[in-house]
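Below you'll find the structure, written out as structure tokens, and then a few comments.
Position 1 is the first residue of the sequence; numbering continues from there.
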Amino acid sequence: IESLFVGDMEFEQCEVSWMIQGDYSRLWDALPGLKELTIKGSTDLELGQIRHGQLESLTIICGGLPESVIRSVQEAELPGLKKLLLYIGVEDYGFDGNADTIKELLDKADFPKLTYLGITDSEIQDELTRVVLESKFMGQISTLDLSMGTLTDQGGALLLERMPAYSNVKKLDLSYNYLSEEMAEKLKNLPMEVDV
């Protein structure tokens with residue numbers, strides 16, 4: 001098995017916040033050929049000690065990502081990871097951290113091959129935009145995904161100021177946001193593909 005999506009349901013079948021997950025700590029040894037893992041839902045989610053030599057993509061879709069899960073990702077040994085996409089969500093659905101939690105994740109995580117970084121779906125998206133822009137991964141990624149959150153013109157202005165320095169970034173995903181039309185137009189002029 002090279003690709004696994006656990007919880008692949010639309011909201012008509014089950015709201016993401018209602019999905020009960022479980023303990024994935026045995027998965028890493030059980031599926032040595034796994035390259036892509038997507039998990040939907042974060043209630044009762046435990047990732048355990050993540051150690052996997054082949055995994056290239058990890059996506060967690062949820063209404064709120066618990067700090068315990070973030071810490072497992074932070075301490076993961078994933079030397080081949082190219083894509084990390086995390087839905088941060090809101091406190092009411094399980095996110096019990098803050099901007100410092102994400103800063104610690106990005107400071108301590110060791111993903112030398114990462115080219116896609118997604119920190120999305122947050123009610124503190126402006127704060128997280130600053131954290132991401134100050135992270136070590138900005139110099140190596142080709143895609144930055146800050147979509148589906150409460151990104152406002154405050155975060156947009158920061159992106160306008162900082163993004164031109166990162167010629168390695170080819171795509172900036174800001175879709176589904178709280179940007180003004182004027183700011184959205186300005187961001188389209190950045191020297192990369194921008195989705196607003």
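When side chains are defined from C-beta on, Trp28 counts as touching His52, because their heavy atoms get closer than 4.5 Å. Residues Leu34 and Leu27 form a side-chain contact, since some pair of their non-hydrogen atoms from C-beta on lies under 4.5 Å apart. Using a 4.5 Å cut-off on side-chain heavy atoms (C-beta onward), Thr115 and Thr143 make no contact. Phe11 places none of its side-chain heavy atoms less than 4.5 Å from the side chain of Val16. Met138 is listed as a side-chain neighbour of Met163, based on a closest heavy-atom distance under 4.5 Å.
Legend: residues meeting side chain to side chain contact (heavy atoms under 4.5 Å, CB included) with Ser175, ordered by chain and number and at least two apart, are Ser147, Asp173, Asp195. In this structure Gln54 satisfies the side chain to side chain donor-acceptor pair (under 3.5 Å) test with no other residue, sequence neighbours excluded.
Annotation for Leu151 and Gln125: closest pair N-CB, 3.6 Å, computed over non-hydrogen atoms. Considering every non-hydrogen atom in both Glu127 and Ala99, the closest pair reads OE1-CB, 3.7 Å. The minimum heavy-atom distance linking Phe95 with Ile88 is given by the pair CB-O, 3.4 Å. What you find for Val194 and Leu190 is that their closest heavy atoms are CG2-CB, 4.1 Å. Glu36 and Leu55 get closest at one heavy-atom pair: N-CD1, 3.8 Å.
Hydrophobic clustering (side-chain heavy atoms under 4.5 Å, transitive across Ile, Leu, Val, Met, Phe, Trp, Tyr) groups Leu37 together with Val69.
A salt bridge is defined here as a Lys NZ or Arg NE, NH1 or NH2 lying under 4.0 Å from an Asp or Glu carboxylate O, and Asp126 with Arg130 fails to meet this definition.
Using modelled atom types, one finds a donor on one side chain and an acceptor on the other under 3.5 Å when comparing Asp153 with Ser180.
At distances below 3.5 Å, at least one donor-acceptor pair connects side-chain atoms of Thr150 with backbone N or O atoms of Glu123.
Here the straight-line distance linking atom CG of Leu172 with atom CG of Asp145 works out to 8.5 Å at 0.5 Å rounding.
No option in Ile60, Val6, Asp23 other than Ile60 meets the side-chain contact (heavy atoms from CB on, under 4.5 Å) test with Leu45.
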